[in-house]
Structure formats: C-alpha cells, structure tokens
Peer 1: 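Dropping a structure here in structure tokens format, bear with me for questions.
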There are 2 protein chains.
Amino acid sequence: MASDVRLDPVDLAILRELQNDARTTNKELAAAVGIAPSTCLDRVARLRSTGVILGTALRVDASALGRPLQALLFIRVQPHRGVLEPFVKHALEQPETRAVFHLTGADDFMVHVAAAGASDLQRLVLDQFTARPEVALVHTTLIFQQWEGGPLLPPTTSS
Amino acid sequence: MASDVRLDPVDLAILRELQNDARTTNKELAAAVGIAPSTCLDRVARLRSTGVILGTALRVDASALGRPLQALLFIRVQPHRGVLEPFVKHALEQPETRAVFHLTGADDFMVHVAAAGASDLQRLVLDQFTARPEVALVHTTLIFQQWEGGPLLPPTTSS
DNA sequence: GGTGAAATTTAGTCGGC
DNA sequence: GCCGACTAAATTTCACC
C-alpha cells in the first residue's frame, strides 16, 4: 500500500510544510506550494490513501507532564521465538514507554521511556522488565537531551 | 514556561484524544471530553501557550519515502567541551537523521537515522560521522521493527 | 472558567477544462 | 490532473452567566 509511490516536487513541498506544522490550513498549504486549494486537498488525500502520510501526532513536553527523566533500556531476552510478541506488548503497556525498537546485535530491544524520576525509573526497570522471565539482561542509559531531525524526505536520486 | 502546569482531568482527556489523532476537530474533541466547543478551544490554546503541547507533527512512512533501512548510530566523541554543539548541528543537518540523543554512559550520542539502503548507510557512517575529527568511535545497529507507545500522560499520584 | 449564538474562515464537492 | 465556484462544516469571537 505504501511502496514505490511516485512523488513529484509538489508532493515533496507539501510533506515538507506539513512536517514543520501539521496544523497548516489547506489554504495556506496550497499558497505555499503554488497550487489551488482544491488541488491541494486532492494531493493530501492521495498522500494519506497511499500510506505516505500515516497520521498526525501531537508533540507534548514530557517534563511539563511530570515525566522529566527519559532513558533508554537495552534489553536481552531469552532466545526463543514466541517471547518477542508478549515482551513487546508488555513494554507498550507501560505508561512510561514512548517507543520500542527491535534491533540487530547483542541487545534485542531498546525501549525509550519517560519516567517521573529516578525512583519511578528504578521501579519500572526492576519490576516491569528485569523481573520478567523472558528478560535476560537490562542495561539502562539516561538521556541528557534530545533533538528532532528535519523533515523526512526521499533521497535525491540523480536519475 | 512549561513546568508545574496544573492539568485537570479534562486537560488529560484532551491530550489523550489529540495524541490518538491530532486532526480531531474541536467540535468532536469537545463532545468527547464533555465541554462546549468554545471552552475546548480555550483549553487547547492554553495547553499550547503553556508549552504542554509543543506542536503537531506529521507521521510519514519512511519506507514509502524510499528510506526503508533505519539504524541507530552510537557515537563516542573526544572528551572536550565545545565539540558537542558542532557535532549535534552536523548530525541534524544530515537528511537521514531522524533524532539525536545525548546520553550518559560510554557512548555519548545516539543518532537515529533512516537510510535508502545499506550503501547509503555505509556512506553516511563513514563519510559523515567516522570521518569527523571529534568522533572517536561509531557503532551501528539496525532496526528490525519499531512501535510507538500510547499517549504520554502524567504519572498518577495518589495525593 | 464556562456557555451559546453570531460572524468568519475553512474544508470538501462538483462540473468543466 | 488541475482549477474555480459553490455548499457544508468548521473555527473563532464575544456578550453574558
């Protein structure tokens, strides 16, 4: 549903604009990319239906919500198929979990969490991860600061 | 600007709704949380002005945009103040970069990237990171799959 | 701080090019 | 595929509680 979609320069301009601010009105968006509002509406609808645009997410301040301590948990699980799905499910059920990554390498998973403080993080790691039977090892790293990259756009091909 | 903001149950309901779908109309949102549309507009505006809501981001499919290979780069830099800012700036300037994290522990930074393929990733790591003088070591891990967590909400306090 | 109705802006539809 | 006029629905303002 989302592979090899043809994106012309106008589509790319739309994606760039909306990634800066997904609340941009269709009218402004059309003016910014140089097409009529009705055409712009079609373009965005197509980008949605083809799966290029997956949705719009609210960016919230974790500190303002009382979760100022963010960390990465690197986790090794027992090498059996069938433990992966329950593990991921359990990780996603924790309110502190922001994202889960299944990785190559020595550590099987990385879980990005936002905790209320050191004691909350300690409880999360020990009770919700280390204590689980399929979890072999948890290594915790704190996040000092983080930055978001610019708009995600296709690689520039010289074809 | 964003610390110790008082959030009542209505605010939390608004945040939960909008994190599910940031395009929810104000009318629907008001109905969902049980207040008048105009009141709801005030609430959301306050959440924005107080910095709880930082913005709305478009979620795009990296594969659909021709960047199907995502990876984490763990990077150690020379232990001198003054190298951090230029390094972060350079990392964020790469079109493949999705996010940059400054970490505790042996590795100073983790850079989340989305590449067009193995050769693009190789070029990125070698030419844009390993080649830089302040970079001491780069360790690359591929991402098999990733999941997003649920809505980020304040910890439930029993006060 | 919350509300309901009015005024304004926007999204979304449709026939024609 | 793109445009421009039209309809429907939304946002936003405001006087009042």
Side-chain angles (χ1 to χ4, degrees), chain A residues 1-61 64-66 151 153-154 156-157 159, chain B residues 1-61 64-66 151 153-154 156-157 159:
Chain A
M1 172 179 174
S3 295
D4 75 329
V5 184
R6 309 270 286 165
L7 299 173
D8 67 14
V10 175
D11 291 318
L12 298 185
I14 289 173
L15 290 173
R16 237 185 316 254
E17 282 289 326
L18 288 182
Q19 283 184 80
N20 285 337
D21 179 9
R23 271 173 56 91
T24 307
T25 65
N26 186 64
K27 192 182 172 185
E28 289 172 330
L29 185 59
V33 304
I35 57 178
S38 53
T39 307
C40 189
L41 212 63
D42 279 349
R43 291 292 195 124
V44 175
R46 192 200 329 277
L47 288 170
R48 286 187 173 273
S49 66
T50 54
V52 176
I53 294 177
L54 298 172
T56 55
L58 204 66
R59 303 192 308 112
V60 300
D61 185 327
L65 261 65
L153 293 170
T156 55
T157 54
S159 64
Chain B
M1 171 181 176
S3 295
D4 75 330
V5 184
R6 308 272 285 167
L7 298 173
D8 67 13
V10 175
D11 290 319
L12 299 184
I14 288 173
L15 290 173
R16 235 185 319 254
E17 282 289 325
L18 288 181
Q19 282 184 82
N20 285 338
D21 178 9
R23 270 174 58 92
T24 307
T25 64
N26 186 65
K27 192 184 172 185
E28 288 172 330
L29 186 59
V33 304
I35 56 177
S38 51
T39 306
C40 188
L41 210 64
D42 278 349
R43 292 291 195 124
V44 175
R46 190 196 329 276
L47 288 171
R48 286 186 172 274
S49 66
T50 54
V52 177
I53 295 177
L54 297 172
T56 55
L58 205 66
R59 301 192 309 113
V60 300
D61 186 328
L65 262 63
L153 293 170
T156 56
T157 54
S159 64

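Atoms considered below: every heavy atom in the structure, side chains included; atoms not considered: hydrogens, waters and symmetry mates. Order of the sequence lines fixes the chain letters, A, B, ..., with proteins taken first and strands second; residue numbering starts at 1 for each chain.
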Peer 1: Can you sort out the partners of B:Ala36 under side chain to side chain contact (heavy atoms under 4.5 Å, CB included), two or more places apart, ordered by chain and number?
Peer 2: B:Ser38, B:Thr39
Peer 1: For A:Thr25, what residues pass the side-chain hydrogen bond (donor to acceptor under 3.5 Å, both in side chains) criterion, not counting sequence neighbours?
Peer 2: A:Glu28
Peer 1: Taking side chain to side chain contact (heavy atoms under 4.5 Å, CB included) as the definition, give me every residue that meets it alongside A:Ala57, ordered by chain and number, with sequence neighbours left out.
Peer 2: B:Arg59
Peer 1: Kindly state each residue pair satisfying salt bridge (Lys or Arg N to Asp or Glu O under 4.0 Å) with at least one member in residues 9-26 of chain B, sequence neighbours excluded.
Peer 2: B:Asp11-B:Arg43
Peer 1: Does A:Arg43 put a side-chain nitrogen or oxygen below 4.0 Å from OP1 or OP2 of D:dG1?
Peer 2: no
Peer 1: Taking only N/O atoms, report every protein-nucleotides 10-12 of chain D pair under 3.5 Å with atom names and distance.
Peer 2:
from, atom 1, to, atom 2, distance (Å)
D:dA10, OP2, B:Lys27, NZ, 2.8
D:dT11, OP1, B:Asn26, N, 2.3
D:dT11, OP2, B:Asn26, N, 3.4
D:dT11, OP2, B:Lys27, N, 3.1

Peer 1: 5'-most contact on DNA chain D: A:Thr39 or B:Asp42, nearest heavy atom basis?
Peer 2: A:Thr39
Peer 1: For A:Leu29 and D:dC2, what is the distance between atoms CG and C1' respectively, to the nearest whole Å?
Peer 2: 15 Å
Peer 1: So which heavy atom on B:Pro151 is nearest to which on B:Asn20, and how close?
Peer 2: CG-OD1, 3.9 Å
Peer 1: For A:Arg46 and D:dG1, what is the distance between atoms CZ and C1' respectively, to the nearest whole Å?
Peer 2: 8 Å
Peer 1: Less than 4.5 Å apart, any side-chain heavy atom of A:Val60 and any of B:Leu153?
Peer 2: no
Peer 1: A:Ala22 and B:Leu58: which non-hydrogen atoms are nearest, and at how many Å?
Peer 2: CB-N, 4.0 Å
Peer 1: Below 4.5 Å, heavy atoms only, C-beta onward: do B:Thr56 and B:Arg48 meet side chain to side chain?
Peer 2: yes
Peer 1: A:Ile35 has an atom CD1; how far is it from atom C1' of D:dG1, in whole Å?
Peer 2: 11 Å
Peer 1: Kindly calculate the angle separating the two end axes of the helix from C:dG1-D:dC17 to C:dC17-D:dG1, each obtained from five base pairs, and round it to 10 degrees.
Peer 2: 30°
